[in-house]
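These notes concern the structure reproduced below.
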Amino acid sequence: MILECVLTFEAAHRNASPRADERTARLHGHSYEVTVAVAGPLDPALGWVMDYAEIKERAKSVIDRLDHRVLNEVEGMNEATLADVTHWMTERLRPQLPSLHECRATILGERDWRPVVARLGDGYERLRFGFAAAHYLPALPETHKCRRVHGHSFRAAVTAADASPLAGPLGDIYRQLDHRLLNDLPGLTNPTSEMLAHWLDDALAARRVRYHEIRVAETCTASCRLIKS
């Protein structure tokens, strides 16, 4: 039987391949998902192949070497492409998990401008889009992992009575944010999700765009909302 356990980490990188284009060669970031699969016989007494908690625990030391870091600075990472991440993790997981069957690394979120509009039940419409960016939070203590340069597959959503006027301005804003180090942008020296929501508010106000709510999510489980009064 084969067991699969899904883990995640957040990291920044530059695609150091000579085939990389100008956009992906810039410092940016992603949320990564790693599927760790182990294979083995079913234990007749326990009724399982291996404890999922044990898989997570053994993989944690490997994940921690990548999480909230710049992948290009990790020893042995080579060009820091997705294939490199998969290979790097596979080589280091094998000693921890002798029954390792497969390790697959993927990138979460959109990697292009792909806005999605949804009609909400309260009469509003929401335009949602994603972007890949790196950042660090300089106000935090040196020991905090978010003080290090890392990255996310950010997701943003803007709610308005009519979403049709949002696409053009948000497309321009997307190109300012995507595949960048957010700290380099004017007004984003401390790019928390909250500050990014305020930055989006200012950017939309400069374009005279009316909206009801901005939502910014760094991960699948963490987000903030700015509601227009």
Side-chain angles (χ1 to χ4, degrees), residues 6-17 20 22-36 56 59-93 103-112 129-156 173-200 215-224:
V6 177
L7 307 167
T8 60
F9 68 92
E10 315 292 324
H13 82 138
R14 299 178 181 86
N15 186 335
S17 167
E22 179 183 359
R23 176 170 166 263
T24 59
R26 296 195 298 255
L27 182 65
H28 59 283
H30 300 289
S31 299
Y32 291 84
E33 182 178 276
V34 180
T35 301
V36 179
K56 292 179 182 179
K60 184 179 183 299
S61 62
V62 177
I63 292 286
D64 285 350
R65 293 170 64 184
L66 305 179
D67 187 46
H68 282 71
R69 302 186 187 276
V70 179
L71 298 182
N72 305 76
E73 298 173 0
V74 175
E75 185 178 356
M77 188 56 74
N78 297 323
E79 296 173 351
T81 63
L82 190 57
D84 287 326
V85 173
T86 296
H87 177 75
W88 188 94
M89 290 201 64
T90 300
E91 291 299 301
R92 285 152 185 81
L93 279 172
C103 174
R104 300 190 306 273
T106 58
I107 290 173
L108 298 175
E110 298 86 355
R111 285 185 268 178
D112 295 292
F129 65 98
F131 60 95
H135 75 161
Y136 63 94
L137 306 183
L140 295 177
E142 292 281 357
T143 54
H144 198 292
K145 67 178 183 179
C146 292
R147 178 68 182 264
R148 302 193 296 256
V149 177
H150 60 285
H152 300 288
S153 296
F154 286 88
R155 290 170 293 130
I173 291 169
Y174 163 84
R175 284 180 280 277
Q176 287 182 262
L177 299 171
D178 185 58
H179 282 70
R180 306 278 183 182
L181 176 63
L182 297 182
N183 302 70
D184 288 343
L185 298 178
L188 276 180
T189 55
N190 184 35
T192 63
S193 292
E194 296 89 337
M195 295 304 297
L196 184 52
H198 279 290
W199 187 91
L200 287 167
R215 183 188 295 265
V216 176
E218 292 185 0
T219 69
C220 296
T221 57
S223 65
C224 75

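Computation of the quantities below employed the complete heavy-atom set of this structure, encompassing side-chain atoms and omitting hydrogens, waters and symmetry-equivalent molecules.
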Open item on the list: Is there a side-chain contact (heavy atoms from CB on, under 4.5 Å) between Thr8 and Val34? Walk through the geometry before answering.
Closed with: CA-CA 6 Å; Thr8 60; Val34 180; over 6 Å; no
Handout entry: Test side-chain contact (heavy atoms from CB on, under 4.5 Å) applied to Val6 and Glu33, step by step
Key = CA-CA 7 Å; Val6 177; Glu33 182 178 276; 3.3 Å; yes
May I have the step-by-step check of side-chain contact (heavy atoms from CB on, under 4.5 Å) for Val36 and Arg104, ending in yes or no?
CA-CA 7 Å; Val36 179; Arg104 300 190 306 273; over 6 Å; no
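For Tyr136, the ring-ring contact (aromatic ring centres under 6.0 Å, His included) test picks out no residue, with sequence neighbours left out. By the side-chain hydrogen bond (donor to acceptor under 3.5 Å, both in side chains) test, Asp64 is found to be paired with Lys60, residues two or more places apart in sequence or in another chain being considered. Residues passing the side-chain contact (heavy atoms from CB on, under 4.5 Å) test with Arg180, sequence neighbours excluded: Arg26. Scanning for side-chain contact (heavy atoms from CB on, under 4.5 Å) contacts around Ala12 gives Leu27, Val70, Ala134, Val149, with sequence neighbours left out. The salt bridge (charged side-chain N to carboxylate O under 4.0 Å, His left out) check on Glu10 picks up nothing, with sequence neighbours excluded. Arg147 is linked by a side-chain hydrogen bond (donor to acceptor under 3.5 Å, both in side chains) to Glu142, counting only residues two or more places apart in sequence or in another chain. Considering only residues two or more places apart in sequence or on other chains, Ala59 meets the side-chain contact (heavy atoms from CB on, under 4.5 Å) condition with Leu7, Leu93. Partners of Ala11 according to the side-chain contact (heavy atoms from CB on, under 4.5 Å) rule, which considers only residues two or more places apart in sequence or in another chain, are Phe9, Tyr32, Leu71. A search for side-chain hydrogen bond (donor to acceptor under 3.5 Å, both in side chains) contacts involving Thr24 returns Asp21, not counting sequence neighbours. With sequence neighbours excluded, the residues that form a side-chain hydrogen bond (donor to acceptor under 3.5 Å, both in side chains) with Glu194 are Thr192. For Phe154, the ring-ring contact (aromatic ring centres under 6.0 Å, His included) criterion is met by Phe131, His135, His152, not counting sequence neighbours.
Listed here is the closest heavy atom pair of Ala16 and Asn72: CB-ND2, 4.0 Å. Residue Pro138 comes nearest to Thr189 through the heavy atom pair CG-O, 3.4 Å, listed as atom of the first residue, atom of the second, then distance. Shortest non-hydrogen contact noted between Cys146 and Leu140 is CB-CD1, 3.6 Å. In this structure, Ala132 and Gly29 approach most closely via the heavy-atom pair CB-O, 3.2 Å.
One finds the OG1 atom of Thr35 at 10.0 Å from the CE atom of Met89 (value rounded to the nearest 0.5 Å). Between atom NE2 of residue His179 and atom CD of residue Glu22 there is a gap of 12.0 Å, rounded to the nearest 0.5 Å. We find the CH2-CD1 distance between Trp199 and Ile173 to be 6.0 Å, quoted to the nearest 0.5 Å. Rounded to the nearest 0.5 angstrom, Arg155 CZ and Ser193 OG are separated by 10.0 Å. Note that NE2 of His150 and CG of Leu137 are 6.0 Å apart. Values are rounded to the nearest 0.5 Å.
No side-chain heavy atom of Trp88 sits under 4.5 Å from any side-chain heavy atom of Asn78. Inter-residue side-chain proximity for Leu188 and Leu196 is flagged as met; some heavy-atom pair is nearer than 4.5 Å. Taking 4.5 Å as the limit, every side-chain heavy atom of Ile63 sits out of range of all side-chain heavy atoms of Lys56. A 4.5 Å side-chain heavy-atom check between Leu177 and Leu200 finds at least one atom pair inside the cut-off. At a threshold of 4.5 Å between non-hydrogen side-chain atoms, the residues Ser31 and Ile107 do not count as touching.
Applying the salt bridge (Lys or Arg N to Asp or Glu O under 4.0 Å) test to every pair with at least one member in residues 69-85, sequence neighbours left out, gives no pairs at all.
Under the 3.5 Å distance criterion, the side-chain polar atoms of Arg92 are left unmatched by any main-chain donor or acceptor of Val62. For Ser223 (side chain) and Thr219 (main-chain N/O), no donor-acceptor pair under 3.5 Å exists by modelled atom type.
Using a 4.0 Å cut-off between charged nitrogen and carboxylate oxygen, Arg111 and Asp178 do not count as a salt-bridge pair.
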